[in-house]
K.L.:
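Here you go, one structure.
Quick note on labels: first sequence line is chain A, next is B, and so on, each numbered from 1.
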There are 2 protein chains.
Amino acid sequence: MKELPENTLNRLIIYLKVLENLEKKRVDSVSSEDLARLSGVNSAQLRKDLSFVGTLGTKGVGYSVKALKYNLKKFLGRTEEWNVIIGGLTPLSRYLIEHAQLQKEGFFIMAAFDTKPENIGVVIGGVSVYNLDQLSYVCKAIKVDIGIIATDEDQETYFSAFVQHGIKAILNLSNYPLFPEDEKIKVENLSIVHGLTKLSYYLKNLGS
Amino acid sequence: MKELPENTLNRLIIYLKVLENLEKKRVDSVSSEDLARLSGVNSAQLRKDLSFVGTLGTKGVGYSVKALKYNLKKFLGRTEEWNVIIGGLTPLSRYLIEHAQLQKEGFFIMAAFDTKPENIGVVIGGVSVYNLDQLSYVCKAIKVDIGIIATDEDQETYFSAFVQHGIKAILNLSNYPLFPEDEKIKVENLSIVHGLTKLSYYLKNLGS
DNA sequence: AAGTGTGAACTTTTTCACAGCT
DNA sequence: AGCTGTGAAAAAGTTCACACTT
């Protein structure tokens, strides 16, 4: 099987969200046409995307919302639970912890790290803030799957600490994009300023 | 000229960030090879991307960091200032306002909106929280360029309110993706759970 | 009859490779 | 000599259109 294109991955994640919503609305069955419209793509695209996951529908009928949701979730690794740590004690990291949405989605925040002495030892919503130099200790004590960079100042510090301690998956919420040298490490750069810049480009070119 | 591909836009935004960093480090000149490496792409890609912006380098020499940065900034609409409003008074919106990073980047938060009575009239860092039904009034009083959806619950409410009042550019920070019916409206969906799911897919498939 | 799954056609994007400027 | 800018080639991704199943 060919490798999954990144855009297909992005769309599969969207289909999953839309299916969860349909399930909440007690919809049992959906056609590629309908699911595609709700997901902002065309139905050929959707069917081609789903073909990477498997043969999931019934010809002449459509897709079972429950079954397709489950298969996508499985395919995306979202039936498992993942342990997450956070780099940087900032309002954003407080938000991530207190909001509790990540836990609900199966991403468990196990610890936070900072470098400023006054932040070490703080506990937020049951999550302790450790000194970054204790990362090695924490990584030995628990399986850390994902590191989230939640500061906009020392992103490089946390990035190299995460990489050095064998963390393979990093979500970078700073506004500076990071690129791993080791291709075994996966970084997702998710920047609000980046998103706003796409909109500013669009606004600048309106009507041209 | 052909239309700018979305991925090219994404990369141009990254080049701009990297250039800003080089300028901070007082680097005057950079080759496509070096800038590409710092941006996680190859140099042919970078040169092709820049060709959408114009002829910006000097053959045999490279690019002036200052000049290229300025040209990219201009091209992306980032030499202008944009007025932003926020939908939903949540810890995330508090973070966006108090962090002050957006203002520094030229995105000015003019107002926030909520629907819960107890939140109306609150002032955070100089930003007032209005009832959503006053959006019409605010949109008449000031030019609103961008609406940010900063709640994970009533995203649809704010979305339709924004659209209805003529806001053309929307940054959706909720975990549910939104797609405008009117193609004159541009939505950027930026979801932390989406980013984490990409990482969970990667982790699930490690070693395969 | 309805709607999926998929080769084939088409379109877009990326990479190559080198002419041409400094 | 060195490095950009860009047509041309190659690769990747999207859409079409229809055979096939229920």
K.L.:
Tell me whether the NZ or CZ atom of Lys204(A) lies within the 45° cone about the ring axis of Phe75(B) and under 6.0 Å from its centre.
P.N.:
yes

K.L.:
Under 4.0 Å, counting only non-hydrogen atoms across every strand here, what does Thr55(A) touch: a base, just sugar-phosphate, or nothing?
P.N.:
sugar-phosphate

K.L.:
For a quick check under 3.5 Å, do Asp152(B) and Asn175(B) share a side-chain donor-acceptor pair by atom type?
P.N.:
yes

K.L.:
Tyr15(B) has an atom OH; how far is it from atom P of dT4(D), in whole Å?
P.N.:
13 Å

K.L.:
With no hydrogens and no angle check, is any side-chain donor or acceptor of Ser64(B) less than 3.5 Å from a backbone partner on Ser29(B)?
P.N.:
no

K.L.:
What is the distance, to the nearest angstrom, from the CG atom on Leu46(A) to the C1' atom on dT6(C)?
P.N.:
14 Å

K.L.:
Could you tell me whether the side chain of Asp154(A) and the main chain of Thr157(A) form a donor-acceptor pair under 3.5 Å?
P.N.:
no

K.L.:
Whole-Å distance between dG7(D) C1' and Phe52(B) CZ?
P.N.:
14 Å

K.L.:
Atom CG of Leu56(A) to atom P of dG5(C): distance rounded to whole Å?
P.N.:
6 Å

K.L.:
Going by the rule side-chain hydrogen bond (donor to acceptor under 3.5 Å, both in side chains), which residues pair with Gln164(A) if we only count those two or more places apart in sequence or in a different chain?
P.N.:
none

K.L.:
Check whether any side-chain heavy atom of Val187(B) lies under 4.5 Å from a side-chain heavy atom of Asn172(B), and answer yes or no.
P.N.:
yes

K.L.:
For nucleotides 14-22 of chain D, give me one character per nucleotide, 5' to 3': B if any protein heavy atom sits under 4.0 Å from the base, S if the only such contacts are to the sugar-phosphate, - if neither.
P.N.:
SBBB--BBS

K.L.:
Whole angstrom is fine here: how far is it from CG in Leu68(A) over to P in dG3(C)?
P.N.:
16 Å

K.L.:
Nearest 0.5 angstrom please: Arg94(A) CZ to Arg94(B) CZ, how far?
P.N.:
13.0 Å

K.L.:
dG2(D) P sits how many Å from Asp34(B) CG, rounded?
P.N.:
14 Å

K.L.:
Rounded to the nearest Å, what distance is computed from the CG atom of residue Leu9(B) to the P atom of nucleotide dT13(C)?
P.N.:
12 Å

K.L.:
Hey, is the side chain of Tyr63(A) poking within less than 4.0 Å of OP1 or OP2 on dG5(C), counting only N and O atoms?
P.N.:
yes

K.L.:
Which residue, Leu4(B) or Val30(A), contacts DNA chain C at a nucleotide closer to its 5' end, judged by nearest heavy atom?
P.N.:
Val30(A)

K.L.:
Under 4.0 Å, counting only non-hydrogen atoms across every strand here, what does Leu50(B) touch: a base, just sugar-phosphate, or nothing?
P.N.:
nothing

K.L.:
Rounded to the Å, how far apart are Glu6(A) CD and dT13(C) C1'?
P.N.:
14 Å

